[in-house]
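A, B, ... follow the sequence lines: proteins, then strands. Residue 1 opens every chain.
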Number of protein chains: 2
Amino acid sequence: MTRTELTQRQQDVYTFIRDKILNRGYGPTVREIGEQFSIKSPNGVMCHLRALEKKGLITRCPNKSRAIELTEGLGGTGGLPYVGVIAAGATTLSFEQSDRIDFSEMFARDDMFVLRVAGDSMIEAQIADGDYVVLKQQKTAHVGQIVVARTPDDETTLKYWHPENGRIRLQPANSSMQPIYVPHAEVLGVLVGLVRNRF
Amino acid sequence: MTRTELTQRQQDVYTFIRDKILNRGYGPTVREIGEQFSIKSPNGVMCHLRALEKKGLITRCPNKSRAIELTEGLGGTGGLPYVGVIAAGATTLSFEQSDRIDFSEMFARDDMFVLRVAGDSMIEAQIADGDYVVLKQQKTAHVGQIVVARTPDDETTLKYWHPENGRIRLQPANSSMQPIYVPHAEVLGVLVGLVRNRF
DNA sequence: TGGCTGATGGTACAGGTGTTCGATCAGTTA
DNA sequence: TAACTGATCGAACACCTGTACCATCAGCCA
C-alpha cells in the first residue's frame, strides 16, 4: 500500500508512527519521531505531521501529547464465527453459540512475514498461484520442509528443502517440473501458513 | 472479563483506559482519567494505576505521558509484513519499509463464517484436509462456484455448484470421486477465502 | 479501640511536550 | 535566474503531565 502522493520521508514517518501504535500500544512524541530519524528540531517533525494530517493519513488533537490517531482503522476486531467441520459426509453446522476464529491472531508472531506466490510450482502442495504464504523467519530448516530460499544466483524461490551430499535440492511440488540443484542456498524462512482470498 | 482480584473502581478505570486505547488509538493521561471518574487529584488516579500495574494488567513507562500499555494483547492489531511476490524466478524481497497485510481485515465482513475442511474431496481446487475455508453467507450461487450446500437428507458439503435440469450436481474437485446428484439443495454460503496453518 | 486498606484531596515541582517564529539549503520548476 | 517546495535547525515559550509528599476518611478486622 505504498502511496505515491507521499514522499519517501513522509512514508517512513508514517510507518514508524503506525508501528509504535501497533506494537507498543501508544504513539510516539514529536521528539521521539525526531530521534528515530535524526531530525534534531521538533519543528522538522511537525512539518511531516502537518503533511500527513493534510493528506488525511492521521488525525491529531492539538496540544495533546502523543495524540496521533491513524485515520485508517486498526482493523481486526473480532474474527469470524467458526461453525464447524465440513466433511464429505453429514455435518451439523451450529451458527448459534459458535466460537470465533481470528486469523491475524493465528499468525500473530512478529518474526513472520508474507509473500505472494506466483506460479504453480507448488501446486501439488495445494499452494496455488496468487496465494499468500506466511513464513517464519529463520535461517535453518528441516529436510522436507517448504522454505523460501535464496540461491547463489540471487533468485528467491518457494520449494521443498532437501540438503544432499554437497548440494541442495530445491524440489517443486509439481510433477511436470524438475528439481533445482544448487551448491548451497540460504533459507529465508519456513512455511507456516497460507491464505487465499480469490475464488 | 470481570476480575475478582480487582475492586470495582479499579475495574472501571481499567475498562476506561482500554476503551480509550482501542477506540481512540491513544491512551488517557492521568488527569483525563481523573476527570472521567471525578477524581480531582492526580494522585488519586496514580493510586489506581499503581494498583493495576502491581496486579499485572498494565505496564507503564515512567515519566512518559500516556505511556500505558495493556499487558493483555489488544487482539488482532497488526498484520504481517508483506515483502513481495515470489515466483519461480528471481525476486527481490524487501523487508525494509514493507507494507503490512492483515488477514482479519481481508475477511472483515460480518456475514462471513468459517468451516474446517475434512477430507480431500476438493483437493484439486487446492483445498486440503484441515484447511479453514471462509464463506460468505448467502442463499444463491453462480454456476461453478464453490459452495457449502445442504442436501435434502440433511448433509452439508463443500462442492462446486452446478444446477442442471431439475437437479443439482454437486461436483467434487477430486477426479477419483463421483459427483453427487440431488433434486434440490440449499446454498448456505459461497467460498471467498481459505486459511491453512499447518505445515 | 487500634491498625490496616482503599480511595481521595491538595499542593508543588521538574521535566516532557506541542507549537511558533525565523532562517538555511538543496533540488525542481517556470 | 527567480520562485517554490521539502526538509531541516535553533531557540524560546507556555502548558501538559507524571510524580512525590502529606493529610483525610470510611470500612473492615482483631
> Nearest-Å distance, CZ (Arg60(A)) to P (dT17(C))?
Replying inline: 13 Å
> When clusters are formed by joining ILVMFWY residues with side-chain heavy atoms under 4.5 Å apart, either directly or through shared neighbours, do Val134(B) and Tyr132(A) land in the same one?
Replying inline: yes
>> Using whole Å, what does the distance between atom P of nucleotide dT17(D) and atom OH of Tyr26(A) come to?
In response: 15 Å
>> Nearest to the side chain of Arg66(B), heavy atoms from C-beta on, is which of dT17(C), dT17(D), dA7(D)?
In response: dT17(D)
>> Using 0.5 Å steps for rounding, measure from the CD atom of Gln10(A) to the NE2 atom of His48(A).
In response: 6.0 Å
> Is it the case that Asn43(A) and Ser41(A) place a side-chain donor and acceptor less than 3.5 Å from each other?
Replying inline: no
> Please give, in whole Å, the distance from dC9(D) P to Glu35(A) CD?
Replying inline: 13 Å
> Leu49(B) or Arg9(A): which one's nearest nucleotide on DNA chain D is closer to the 5' end?
Replying inline: Arg9(A)
> Starting at the 5' end of DNA chain C and moving along, which residue's nearest nucleotide shows up first, His48(B) or Glu32(A)?
Replying inline: His48(B)
> Is it the case that one hydrophobic cluster holds both Ile68(A) and Tyr26(A), taking links as side-chain heavy atoms less than 4.5 Å apart, direct or via other members?
Replying inline: no
>> Both Gly44(A) and Arg31(A) contact DNA chain D. Taking the nearest nucleotide for each, which residue is further toward the 5' end?
In response: Gly44(A)
>> Quick check: closest heavy atoms across Lys20(A) and Pro28(A), and the distance to 0.1 Å?
In response: CB-CD, 4.0 Å
>> Let's see if you can work this out: which of dT19(D), dT20(C), dT17(C) has an atom nearest to the side-chain heavy atoms of Ser65(B)?
In response: dT17(C)
> What is the distance from NZ of Lys64(A) to C1' of dT19(C), rounded to the nearest Å?
Replying inline: 16 Å
> For the side chain of Asn43(B), counting heavy atoms from C-beta on, which of dC22(D), dT17(D), dA7(D) is nearest?
Replying inline: dC22(D)
> Quick one: Met46(B) CE to dA12(C) C1', roughly how many Å, whole number?
Replying inline: 14 Å
> The side chain of Val30(A) lies closest to which of these nucleotides: dG18(D), dG18(C), dT8(C)?
Replying inline: dG18(C)
>> Measure NZ/Lys40(B) against P/dT11(C) and give the value in whole Å, please.
In response: 12 Å
> In whole angstroms, how far is the C1' atom of dT8(D) from the CZ atom of Arg50(A)?
Replying inline: 12 Å
> What is the distance, rounded to the nearest whole Å, between atom CD1 of Ile68(B) and atom C1' of dT19(D)?
Replying inline: 14 Å
> Among the nucleotides dA7(C), dT11(C), dC21(C), which one has an atom lying closest to any side-chain atom of Cys47(B)?
Replying inline: dA7(C)
